[in-house]
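Data first, discussion second: the structure below is written as structure tokens.
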Amino acid sequence: MSEILRDLGRCRVMGVVNVTPDSFSDGGRWLDPPTAVRHGLDLVAQGADLVDVGGESTRPGALRIDAEEELRRVIPVVTGLVAEGVTVSVDTMRSEVAERALEAGASLVNDVSGGRADPRMTKLAAQAGVPIVLMHWRGHSDSMQKLTQYDDVVADVVRELTAQVDAALGAGVRPEQVVVDPGLGFSKTGDQNWTVLANLHAFTELGYPVMVAASRKRFLGELLAEGDELRPTDDREDATAALTTVAARAGVWCVRVHEAGPSADAVRVVARLAQEEGR
């Protein structure tokens, strides 16, 4: 088993470095590679166990960039963070970008399409032997919010995600490489996100490590809105830490967050409580 997936006795914290001009929370802040590397190091100092570097926004409505631009954004940051001893994940739907990032020292592939956007992605992960996060995914950002029809959101997402895992295993990915992500905010309404969060056991029971990425997302802004005004993204951190507690209590492997400190504290509180409950 990869060192990243080894049991720490607590939920891991993945810090986000978006090297994009248009991500929903922090687009444009870390475009310059040295600035992005410094931010990644700050996240580690706050308590992040690994840093997820992405060069393509997947916010609702976002349009795709080309591979050359994604590589230009991502590879210098991955290289810089690895040189500083940081465990790096690459957030990409392109096998070409994933391959270059792995060559630069990345240790994990985080594919929000769950292997569906690029059929070569799972084959690459199989060949490289690295963990791969397979997220529930129905379509690209420009159309995903038109794809929110479910008979039973939990059962349907579990079934579709299982099919994605089966496809990855068929491509040669070993079971011990697989991490699953229910895909909060992707082809899901705010109410559906809450239903998924209330049923995280349905995903942990699949037998694979689970990652939850709820940080600062719109459904939190809606919950905390004042009238018609959504709570600004930077002011959703307390709610994010609350959901980290929920996820950690549910036994997930990792939470993906924009600010590492509050969630790093939360997972340690949950671990200590679980230790006491186990006595």
Side-chain angles (χ1 to χ4, degrees), residues 1-18 25-26 39-54 81 84-91 106-110 112 131-135 176 178-185 193-194 196-217 219-220 223-224 233-279:
M1 177 179 288
S2 166
E3 180 66 19
I4 298 177
L5 302 183
R6 181 177 59 83
D7 183 13
L8 289 181
R10 63 166 173 81
C11 177
R12 290 181 187 252
V13 175
M14 174 188 286
V16 179
V17 176
N18 287 319
S25 176
D26 54 1
H39 181 54
L41 294 174
D42 287 343
L43 290 168
V44 172
Q46 292 170 21
D49 299 292
L50 65 162
V51 173
D52 194 40
V53 179
L81 287 170
E84 295 288 343
V86 176
T87 301
V88 174
S89 164
V90 60
D91 176 4
S107 301
L108 179 146
V109 175
N110 178 20
V112 299
I132 180 168
V133 180
L134 300 171
M135 193 191 80
E176 59 267 27
V178 173
V179 177
V180 295
D181 179 343
L184 296 172
N193 290 330
W194 288 112
V196 168
L197 283 165
N199 291 276
L200 287 175
H201 62 88
F203 298 92
T204 58
E205 288 170 1
L206 292 174
Y208 301 103
V210 175
M211 187 169 82
V212 170
S215 180
R216 299 182 179 178
K217 287 189 173 177
F219 72 100
L220 294 178
L223 175 71
L224 305 172
T233 53
D234 285 354
D235 294 335
R236 302 173 191 171
E237 201 54 50
D238 290 345
T240 296
L243 284 185
T244 289
T245 302
V246 170
R249 286 287 279 172
V252 309
W253 162 73
C254 185
V255 290
R256 181 181 183 273
V257 296
H258 294 84
E259 185 175 340
S263 287
D265 289 350
V267 300
R268 285 163 173 80
V269 168
V270 170
R272 181 63 183 86
L273 184 61
Q275 181 182 19
E276 195 66 23
E277 290 172 341
R279 291 187 176 184

* To do: Name all residues meeting the ring-ring contact (aromatic ring centres under 6.0 Å, His included) criterion together with Phe219; count only those two or more places apart in sequence or in a different chain, and write none if there are none.
  => Trp194

* Do side-chain atoms of Ser215 reach the backbone of His258 as a donor and acceptor pair under 3.5 angstrom? -> yes

* Asked: Is Thr245 close to Val269 at the side-chain level, that is, under 4.5 Å between some pair of heavy atoms?
  -> no

* Test Arg268 against Val270 for side chain to side chain contact (heavy atoms under 4.5 Å, CB included), laying out the working first. => CA-CA 5 Å; Arg268 285 163 173 80; Val270 170; over 6 Å; no

For residues 3-13, tabulate all N or O donor-acceptor pairs below 3.5 Å that involve a side-chain atom, not counting sequence neighbours.
residue, atom, partner, partner atom, Å
Glu3, OE1, Arg6, NE, 3.4
Glu3, OE2, Arg6, NE, 2.7
Glu3, OE2, Arg6, NH2, 2.9
Asp7, OD1, Gly9, N, 2.8
Arg10, NH1, Asp49, OD2, 3.0
Arg10, NH2, Asp49, OD1, 2.8
Arg12, NE, Ile4, O, 2.7
Arg12, NH2, Glu3, O, 3.1
Arg12, NH2, Ile4, O, 3.2
Arg12, NH2, Arg6, O, 2.9

* Has the side chain of Ser263 got a donor or acceptor atom that lies under 3.5 Å from a matching backbone atom of Ala260? -> no

* Structure fact -> Per side chain to side chain contact (heavy atoms under 4.5 Å, CB included), Val212 is matched among Val196, Leu200, Leu243 by Leu200

* To do: Determine yes or no for a side-chain-to-main-chain donor-acceptor pair under 3.5 angstrom, with Arg236 supplying the side chain and Lys217 the backbone.
  => yes

* Can you list the residues that meet the side chain to side chain contact (heavy atoms under 4.5 Å, CB included) rule with Asp235, with sequence neighbours excluded? -> Arg231, Pro232

* Donor-acceptor under 3.5 Å (Asn193 side chain, Leu184 main chain) -> no

* By salt bridge (Lys or Arg N to Asp or Glu O under 4.0 Å) - contacts of Arg249 (at least two apart) -> Glu277

* Only one of Leu81, Val86, Leu50 clears side chain to side chain contact (heavy atoms under 4.5 Å, CB included) with Val44; which? -> Val86

* **Partner set under salt bridge (Lys or Arg N to Asp or Glu O under 4.0 Å) for Asp181, not counting sequence neighbours** => none

* To do: Walk me through it: do Asp91 and Arg256 pass the test side chain to side chain contact (heavy atoms under 4.5 Å, CB included)?
  => CA-CA 11 Å; Asp91 176 4; Arg256 181 181 183 273; 3.2 Å; yes

* To do: Specify the closest pair of heavy atoms between Val252 and Val210, including all atoms of both residues, with the distance to one decimal.
  => CB-O, 3.5 Å

* To do: Enter the distance from Asp52:CG to Asn18:CG here, rounded to the nearest 0.5 Å.
  => 8.0 Å

* Can you name the nearest heavy-atom pair linking Ala247 to Val255, along with the distance? -> CB-CG1, 3.8 Å

* To do: Could you pull out the closest heavy-atom pair between Ala241 and Pro262, with the gap in Å?
  => CB-CB, 3.9 Å

* Could you check if a side-chain atom of Glu259 sits within less than 4.5 angstrom of a side-chain atom of Thr240, using non-hydrogen atoms only? => no

* To do: Over all heavy atoms of both residues, which pair between Leu220 and Ala214 is shortest? Give the atoms and the distance, please.
  => CD1-O, 3.7 Å

* Asked: Is there side-chain contact between Val109 and Val90, with heavy atoms separated by less than 4.5 Å?
  -> yes

* Asked: If we only count heavy atoms from C-beta on, is the His39 to Leu41 side-chain gap below 4.5 Å?
  -> no

* Asked: If we only count heavy atoms from C-beta on, is the Leu197 to Pro182 side-chain gap below 4.5 Å?
  -> no

* **Leu43 side chain reached by Met14 side chain, heavy atoms, under 4.5 Å** => no

* Can you list the residues that meet the salt bridge (Lys or Arg N to Asp or Glu O under 4.0 Å) rule with Glu176, with sequence neighbours excluded? -> Arg174

